[in-house]
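What follows is a short report on a single structure.
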Amino acid sequence: MARHLHDCVAPAKLNLFLHVTGRRADGYHLLQSVFQLIDLHDLLHFDLRDDGRIVRSTEIAGVPADSDLTVRAADLLKAAAAARGIAVPGASIAIDKRLPMGGGIGGGSSDAATALMALNHLWDTRLTRTELMQLGLRLGADVPFFLSGGNAFVEGIGELLTPIETPASWFVLVHPGVSVPTPAIFASPELTRNTKVVTMSDFSKRLPGFGRNDLQAVAARAYPPVADALAWLSDAGEARMTGSGACVFAALASETEADDVLRELPSRWQAWKTRTLDVHPMATLLQT
Ligand code: C5P
């Protein structure tokens, strides 16, 4: 058995559009969205431990280890293995956090998905992709997507996934320096919750650019830097927020155009050029 798995990639995502089509009795919202993997990522490192403990070996400001989604993912996988009579060794998890938190690009969810994939391999627990997705949904609505292996049309609260091909594109992604709490945006009385349901044929030839992000108006009103970043980026292309914010993005025709936009970036913001990924970099670890 291998003792470690280092340099595990946890890629970010963009929501090319995000429609809120209803609300369930439990308060969770019904969504329709296209989740697009991009080439920005956190890096995670896993080492087996003989003492059975699950330990995060990196400090992350504002995220205590026991609430870290990677540690909770490891705990869930360990319990699922125990229920099948498999005892697993422990693990040390180191996280090279590069993606902004509260940014709407799925960093925490992707870290959790990568932890499930890596530890399922390292511990030889042999859960299927579907089983990992069921565990992942307990950690967050976006986690199953990162276990699906590619880009997807996402419905339900995040658990109904249809794989799709999306056009290759360059984007500029701007982080306006605020962290947006997802529950507050979904809970807003001002949120539009009745967007008309669409079908794949409505949007498949019109990506990126189709539809809108229903969470954007609420987040931009509550967080003026989000509105500022949208206004600034609108000069470069159609600017849109991803997830519940705070990051905003615009599709550009080429890498050179993305570079041109980045050169003009106000110094108060952080920004990246990024391109679409077709396949999750860890997808080879998944059994079907
Ligand atoms: O599942 P996740 O941690 O991403 O969700 C954070 C919060 O966002 C939930 O507690 C819920 O308030 C809200 N949410 C929602 N509908 C979704 C996803 C999230 O209302 N489909």
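In this text the structure is predicted, and so the values were computed from the model without any measurement. When a ligand or atom number is given, it counts from 1 through the structure's own listing order.
- Each of the atoms 1 (O), 2 (P), 4 (O), 18 (C) of ligand 1 lies under 4.0 Å from some heavy atom of Ala141.
- For atom 7 (C) of ligand 1, the nearest non-hydrogen atom of the protein is Pro183 CG, 3.8 Å.
- Among all non-hydrogen protein atoms, the one lying nearest atom 8 (O) of ligand 1 is Thr182 CG2, 3.3 Å.
- Below 30°, between 30° and 60°, or above 60°: for His6 and His45 the angle between ring planes is above 60°, a perpendicular geometry.
- Heavy-atom contacts of Gly140 reach the following atoms of ligand 1: 1 (O) (cutoff under 4.0 Å).
- Ligand 1 places these atoms under 4.0 Å from at least one heavy atom of Gly27: 20 (O).
- A perpendicular orientation is assigned to the rings of Phe171 and Phe249, their planes being inclined by more than 60° (bins at 30° and 60°).
- Sorted by first then second residue, the side chain to side chain donor-acceptor pair (under 3.5 Å) pairs that include residues 103-118, not counting sequence neighbours, are Lys97-Asp111.
- Residue Ser244 places every heavy atom at 4.0 Å or more from ligand 1.
- Nearest non-hydrogen protein atom to atom 17 (C) of ligand 1 is Tyr28 CD2, 3.5 Å.
- Within the listing of ligand 1, atoms 21 (N) sit less than 4.0 angstrom from a heavy atom of Ile157.
- In this structure Arg49 satisfies the salt bridge (charged side-chain N to carboxylate O under 4.0 Å, His left out) test together with Asp51, sequence neighbours excluded.
- The aromatic rings of Phe145 and Phe35 sit tilted relative to each other, their planes meeting at an angle between 30° and 60°.
- A 4.5 Å side-chain heavy-atom check between Pro281 and Pro11 finds at least one atom pair inside the cut-off.
- Ring geometry for Phe146 versus His280: interplanar angle over 60°, hence perpendicular rather than tilted (30 to 60°).
- The protein non-hydrogen atom at the shortest distance from atom 20 (O) of ligand 1 is His29 ND1, 2.8 Å.
- The part of Phe186 lying near ligand 1 is the side chain, judged by heavy-atom distances below 4.0 Å.
- No donor-acceptor contact under 3.5 angstrom links the side chains of Ser188 and Arg221, judged on distance only.
- In this structure, Leu31 has a heavy atom closer than 4.0 Å to ligand 1.
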